[in-house]
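Everything below concerns the one structure shown next.
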Amino acid sequence: MTDLVFDVTVCLLLVTASIGLVVTADAGADTGVDRDTAAIDADGVASSLATSTATVSYSLAPGVEAADPSLLDAGGVDARELDRTAHGSLAGLLARATLGAVTVDGVRLTSARDDFRARAAARVASELPTRGVSVAVAWTPFPGAPVRATDALGPEPPSSETVHSATLDVPSGFPAAREDAVAASDDGFDAVARVAANRTVAGLFPPALARLALRGDEPVSTLMTHRYERAGALVNASVAPEVAREETRAANADLAAALAPRFADAMRARYDTPRAAAEAVSVGRVTVVVRTWSA
């Protein structure tokens, strides 16, 4: 079965066709030996991640077990309802898998995509050189935000090696936020934070898709309810009544209202001005960094 609501998250909307590639060089220690000719081409690896495609089959069982273990018992849900398939570029699959591991203050939101993360990582790793390369994936509404998602493949490069890197920007599928954040920056950190919080929540819980999930069959309805309840608990917002009534926009408004002050505090601690904070807003993209060195 394909992921109709893609594990009941916004990543159904992820567009992997538009991927930006920026190649950079990160100089390591100078050992006096020319190792560049032996190093793997970071640009080439990144380009392969952006253009090569794959299909990954996985199960929602880990998320269902965390949300309501009784659904896995006999008579709970048909095992076939737990099967999902995702297709896309390797970079897109990594981005989608990483967004399945969103944390708030370091605490995971859900486990619905644990199996997908493992299988996507294994599939991508099978396409990488066995030595001399690592891939890091990161998403956050802005650097320093309490909400983030990260993942990594491969070892850390040795400190003695010259390291080359290439960066891919993959659309997250979340609503764009930077332009509106910049426009709001004249009204201060709180206004910028509200834009970032609203778009973050709308990305994690697209209102129409979330309502569809809440009204859907098991296990989708339970997974979405659990996701909302977990988010409410992590940001200290009561959303259970709205979720029970399938009022997703109201639930989202409560989550964003609770999250915005925390975003504002994080912005004040990191940025000198609201404009600087607004320009750092990155809700709309996942960053994939490839690092290579001589094996």
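Values below: all heavy atoms of this structure, side chains included; hydrogens, waters and symmetry mates excluded.
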>> What I'd like to find out is whether the side chain of V133 reaches to under 4.5 Å of the side chain of V290, using heavy atoms alone.
In response: yes
> Counting N and O atoms only, with roles assigned by atom type, does the side chain of D115 sit under 3.5 Å from a partner on the main chain of S59, one being a donor and the other an acceptor?
Replying inline: yes
>> When you measure from the side chain of R199 to the backbone of A176, do you find a donor-acceptor pair of N or O atoms at a distance under 3.5 Å?
In response: yes
>> Once side-chain hydrogen bond (donor to acceptor under 3.5 Å, both in side chains) is applied, do any residues pair with R215, and if so which ones, sequence neighbours excluded?
In response: E246
> What residues form a side chain to side chain contact (heavy atoms under 4.5 Å, CB included) with E279, not counting sequence neighbours?
Replying inline: V182, R275
> Who are the side chain to side chain contact (heavy atoms under 4.5 Å, CB included) partners of T130, not counting sequence neighbours?
Replying inline: none
>> Suppose we screen for side chain to side chain contact (heavy atoms under 4.5 Å, CB included). Which residues come up paired with A118, at least two apart in sequence or across chains?
In response: none
>> So, using salt bridge (charged side-chain N to carboxylate O under 4.0 Å, His left out) as the criterion, who are the partners of R178 when residues are at least two apart?
In response: none
>> What verdict does the side chain to side chain donor-acceptor pair (under 3.5 Å) test give for E161 and S294, after you've listed the backbone C-alpha separation in whole Å, the side-chain angles of each residue and the deciding distance to 0.1 Å?
In response: CA-CA 7 Å; E161 295 291 346; S294 58; 2.7 Å; yes
> Which residue pairs pass the side-chain hydrogen bond (donor to acceptor under 3.5 Å, both in side chains) test when at least one of the two sits in residues 64-77, sequence neighbours left out?
Replying inline: D68-S70
> Closest heavy-atom contact between L93 and A54?
Replying inline: CD1-O, 3.7 Å
> Run the salt bridge (Lys or Arg N to Asp or Glu O under 4.0 Å) check on R108 and D114 step by step: do they pass?
Replying inline: CA-CA 11 Å; R108 284 279 300 277; D114 282 3; 2.5 Å; yes
>> Just to verify, what does D78 make a salt bridge (charged side-chain N to carboxylate O under 4.0 Å, His left out) with, not counting sequence neighbours?
In response: R80
> Residues two or more places apart in sequence or in another chain: which of them pass side chain to side chain contact (heavy atoms under 4.5 Å, CB included) with S52?
Replying inline: S48, L90
> Which residues satisfy the salt bridge (charged side-chain N to carboxylate O under 4.0 Å, His left out) test with D190, sequence neighbours excluded?
Replying inline: R268
> Does anything in residues 238-286 pair up under ring pair (Phe, Tyr, Trp, His ring centres under 6.0 Å), and if so which pairs, sequence neighbours excluded?
Replying inline: F142-F263
> Do E229 and V243 have side chains that get closer than 4.5 Å, going by heavy atoms?
Replying inline: no
> Looking at residues at least two apart in the chain, or sitting in another chain, which of them share a side-chain hydrogen bond (donor to acceptor under 3.5 Å, both in side chains) with E242?
Replying inline: none
> Is V147 reachable from L234 through a run of I, L, V, M, F, W or Y residues, each pair having side-chain heavy atoms under 4.5 Å apart?
Replying inline: yes
>> Are V289 and L99 connected into the same hydrophobic cluster when the rule is that any two of I, L, V, M, F, W, Y join if their side-chain heavy atoms are below 4.5 Å apart?
In response: no
> Counting N and O atoms only, with roles assigned by atom type, does the side chain of T273 sit under 3.5 Å from a partner on the main chain of A276, one being a donor and the other an acceptor?
Replying inline: yes
> Is there a donor-acceptor contact under 3.5 Å from the side chain of W139 to the main chain of T287?
Replying inline: no
N/O donor to acceptor pairs below 3.5 angstrom from side-chain atoms of residues 251-258, sequence neighbours left out:
| unit_1 | atom_1 | unit_2 | atom_2 | d |
| --- | --- | --- | --- | --- |
| N252 | OD1 | Y228 | OH | 2.8 |
| N252 | ND2 | F205 | O | 2.8 |

> When you look at V104 and R230, which way does the side-chain contact (heavy atoms from CB on, under 4.5 Å) test go after all the steps?
Replying inline: CA-CA 10 Å; V104 180; R230 284 283 296 164; over 6 Å; no
> With respect to V102, which candidate in T110, T140, L204 satisfies the side-chain contact (heavy atoms from CB on, under 4.5 Å) definition?
Replying inline: L204
> Do L94 and D151 have side-chain heavy atoms sitting under 4.5 Å apart?
Replying inline: no
